[in-house]
Amino acid sequence: MLARTERTERSSADPVHGPPADPDLSGCPGPALDPTGGGGGGPADGPTYRILGPLEVHRGGAPCTPSSLKRRALLTLLLLHANRRFPICSLIGELWDDRPPRSAVATVQMYVSGLRRVLAPEHSRGGGDPRRHPLLLTSGDGYLLRVQPGELDLDRFRTLAARGRELRAAGHCTTAAESFHRALALWRGTPFGDLGPACLPAHYTVRLEEERLALVHDRISADICSGRAREVVGELEELCARHPLREDFHEQLMLALAAAGRRAEALHAYTRARRAVVEDTGIEPGPGLRAAQQALLSGARPDDTRHDGCRPAGALHPAALGG
């Protein structure tokens with residue numbers, strides 16, 4: 001059914017229940033206007049996408065983000081599943097929260113048609129078959145968006161994060177911290193925050209925010225390893241206030257304060273963390289936070305152990321006490 005109806009995707013939808021007129025007819029400019037690729041580091045001859053913040057699409061150095069809210073939501077879903085087939089039934093369910101209009105299939109096809117003009121205007125201007133689009137393909141009963149390495153900021157974020165973790169595991173914490181900083185610099189705010197909560201399921205934002213916080217933790221670990229404990233104390237205070245039940249940030253704050261020669265404040269940080277955990281959950285903090293407190297009480301130095309030549313972020317642990 002999808003392949004058959006795509007032959008008429010340029011025609012008007014149901015005049016009673018169909019979608020509104022298409023506002024995204026012009027598409028992106030042609031390629032090679034900007035040899036650097038514009039829009040954040042992707043190839044010069046293809047679009048680049050940014051979803052770690054408001055959705056942005058660039059081609060040839062010029063912005064060409066779709067104006068239609070639902071079309072931006074559709075593109076975001078395809079980017080989150082880049083290079084994988086996304087069934088049209090799943091697209092409809094996520095775009096309309098399982099309460100689609102009767103014209104949902106025709107509406108999605110119109111949105112796809114508009115996206116194809118945005119992403120590869122030369123294909124549309126040349127009268128190319130929409131089913132053989134170079135980027136947004138019809139695949140079985142769904143669609144597949146081809147995204148090359150470097151075109152999507154989320155891919156670059158994950159690549160830099162993985163590289164930083166490899167470097168840190170090898171003991172190169174200073175270089176790892178640089179990779180982590182570069183990855184986090186790609187974030188411009190809440191992922192696809194311009195779409196609003198009604199356009200996409202919340203779990204996508206929650207998952208990406210969890211990835212970001214995990215990398216913030218790893219970056220702070222590498223910063224502390226590299227001797228920048230004083231510089232991260234203020235950031236950790238803020239993180240602990242925003243996420244009072246994340247014991248890993250409390251533990252890092254204790255380590256950073258101790259490494260900065262503020263041992264009494266580090267112990268007070270444990271008291272605050274324990275109070276927050278007990279009051280909210282009714283249970284004691286986990287072993288990592290308790291071990292950090294015991295290490296400080298015993299007088300263990302934050303740099304008593306080494307991480308392949310670097311000061312480790314988790315130096316305050318039972319090994320530092322000799323047991």
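Just so you know, these numbers use all the heavy atoms, side chains as well, and skip hydrogens, waters and symmetry mates.
Considering every non-hydrogen atom in both Ala222 and Ala177, the closest pair reads CB-CB, 3.7 Å. Contact between Ala256 and Ile224 at its shortest, heavy atoms only, is CB-CD1, 4.1 Å. The nearest pair of heavy atoms linking Leu245 to Val277 is CD2-CA, 4.0 Å. What you find for Pro66 and Val57 is that their closest heavy atoms are CD-CG2, 4.1 Å. Taking each heavy atom of Asp153 and Leu52 in turn, the nearest pair found is OD2-N, 3.0 Å. Nearest heavy atom pair, residue Ala269 against residue Leu257, reads CB-CD1, 4.2 Å.
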Inset, instruction - Give the C-alpha distance, both sets of side-chain angles, the deciding distance and a yes or no for salt bridge (charged side-chain N to carboxylate O under 4.0 Å, His left out) between Arg168 and Asp218. - result: CA-CA 9 Å; Arg168 186 168 181 268; Asp218 290 347; 5.5 Å; no

Inset, instruction - Check step by step if side-chain contact (heavy atoms from CB on, under 4.5 Å) holds for Arg246 and His217. - result: CA-CA 10 Å; Arg246 290 191 71 113; His217 176 272; 5.7 Å; no

Legend entry - Gln109/Tyr143 under side-chain contact (heavy atoms from CB on, under 4.5 Å): CA gap, chis, key distance, verdict: CA-CA 10 Å; Gln109 289 167 354; Tyr143 297 102; 3.6 Å; yes

Inset, instruction - Determine, step by step, whether Leu74 and Lys70 satisfy the side-chain contact (heavy atoms from CB on, under 4.5 Å) criterion, reporting the C-alpha distance in whole Å, the side-chain angles of both residues, the deciding distance to 0.1 Å, and the verdict. - result: CA-CA 6 Å; Leu74 171 61; Lys70 281 294 187 183; over 6 Å; no

Inset, instruction - Give the C-alpha distance, both sets of side-chain angles, the deciding distance and a yes or no for side-chain contact (heavy atoms from CB on, under 4.5 Å) between Arg163 and Thr159. - result: CA-CA 6 Å; Arg163 176 59 177 158; Thr159 298; 5.6 Å; no

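At a threshold of 4.0 Å, the pair Glu178-Arg182 does not count as salt-bridged, since none of the basic side-chain nitrogens sits closer than that to a carboxylate oxygen. Under 4.0 Å is where a charged nitrogen must lie from a carboxylate oxygen, and between Glu56 and Arg72 no such pair does. Ion pairing between Arg207 and Glu210 fails under the 4.0 Å rule for side-chain N and carboxylate O. Under the 4.0 Å criterion applied to side-chain N and carboxylate O atoms, Glu211 and Arg158 are assigned as salt-bridge partners.
Under the 4.5 Å side-chain criterion, counting only non-hydrogen atoms from C-beta, Thr205 is not in contact with Leu200. Between Leu167 and Phe180, every side-chain heavy-atom pair lies at or beyond the 4.5 Å cut-off. Arg219 has its side chain within reach of Val232: a pair of non-hydrogen atoms, C-beta onward, lies under 4.5 Å apart. Side-chain contact check for Val118 versus Arg59: every heavy-atom pair is 4.5 Å or farther apart. At least one side-chain heavy atom of Ser221 sits less than 4.5 Å from a side-chain heavy atom of Gln252. Residues Ile51 and Pro191 form no side-chain contact, since every pair of their non-hydrogen atoms from C-beta on lies 4.5 Å or further apart. Within the 4.5 Å cutoff, side-chain heavy atoms of His181 are placed close to those of Asp223.
The aromatic rings of Tyr204 and Phe192 stand perpendicular to each other, their planes meeting at an angle above 60°, with 30° marking the opposite boundary. In this pair, Tyr111 and Trp96 present their aromatic rings parallel. The plane angle is below 30°, not in the 30 to 60° band.
Side-chain atoms of Arg84 come within 3.5 Å of backbone atoms of Leu80 as a donor-acceptor pair (strictly under, hydrogens ignored). A donor-acceptor contact shorter than 3.5 Å is absent between the side chain of Asp155 and the backbone of Pro149. Under a 3.5 Å cut-off, the side chain of Glu151 and the backbone N or O of Gln148 do form a donor-acceptor pair. Using modelled atom types, no side-chain atom of Arg146 and backbone atom of Asn83 make a donor-acceptor pair closer than 3.5 Å. Under a 3.5 Å cut-off, the side chain of Ser179 and the backbone N or O of Leu160 do form a donor-acceptor pair. With hydrogens and angles disregarded, a donor-acceptor distance shorter than 3.5 Å links the side chain of Arg156 to the backbone of Gly150. A distance-only check finds no donor-acceptor pair linking the side chain of Ser226 to the backbone of Arg228 [under 3.5 Å]. Looking at His250, its side chain never comes within 3.5 Å of a backbone N or O of Ala273 through a donor-acceptor pair. Side-chain N or O atoms of Asp141 include none that pairs as donor or acceptor with a backbone N or O of Pro87 at under 3.5 Å. Proximity of a side-chain donor or acceptor of Ser90 to a complementary backbone N or O of Phe86 within less than 3.5 Å is not detected.
Considering CG of Leu77 and CG of Leu195, their distance stands at 9.0 Å, rounded to 0.5 Å. Here the CZ atom belonging to Arg212 is positioned 8.5 Å from the OG1 atom belonging to Thr190, to the nearest 0.5 angstrom. Considering CG of Leu95 and OG1 of Thr107, their distance stands at 10.0 Å, rounded to 0.5 Å. In this structure, CG in Leu236 is found 12.0 Å from CD in Glu231, a value given to the nearest 0.5 Å. We find the CZ-CG distance between Phe157 and Leu215 to be 4.5 Å, quoted to the nearest 0.5 Å.
Of the candidates Leu119, Leu152, Leu115, Leu145 forms a side chain to side chain contact (heavy atoms under 4.5 Å, CB included) with just one, namely Leu119.
A single hydrophobic cluster is not seen to contain both Leu91 and Leu144; linkage of ILVMFWY side chains at heavy-atom distances under 4.5 Å, directly or through other members, places them apart. Leu154 and Leu184 fall within the same hydrophobic cluster, defined by Ile, Leu, Val, Met, Phe, Trp and Tyr side-chain heavy atoms under 4.5 Å apart, directly or through other members. Residue Ile92 is grouped with residue Leu69 when hydrophobic side chains (ILVMFWY) are merged at heavy-atom distances under 4.5 angstrom, including chains of intermediate members.
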Identify every side-chain donor-acceptor pair in residues 286-293 under 3.5 Å, counting partners at least two apart or on other chains, and give the distances.
from	atom 1	to	atom 2	distance (Å)
Arg290	NH1	Pro285	O	2.3

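For residues 264-273, the set of pairs meeting the side chain to side chain donor-acceptor pair (under 3.5 Å) definition, not counting sequence neighbours, comprises Glu237-Arg272, Arg262-Glu265.
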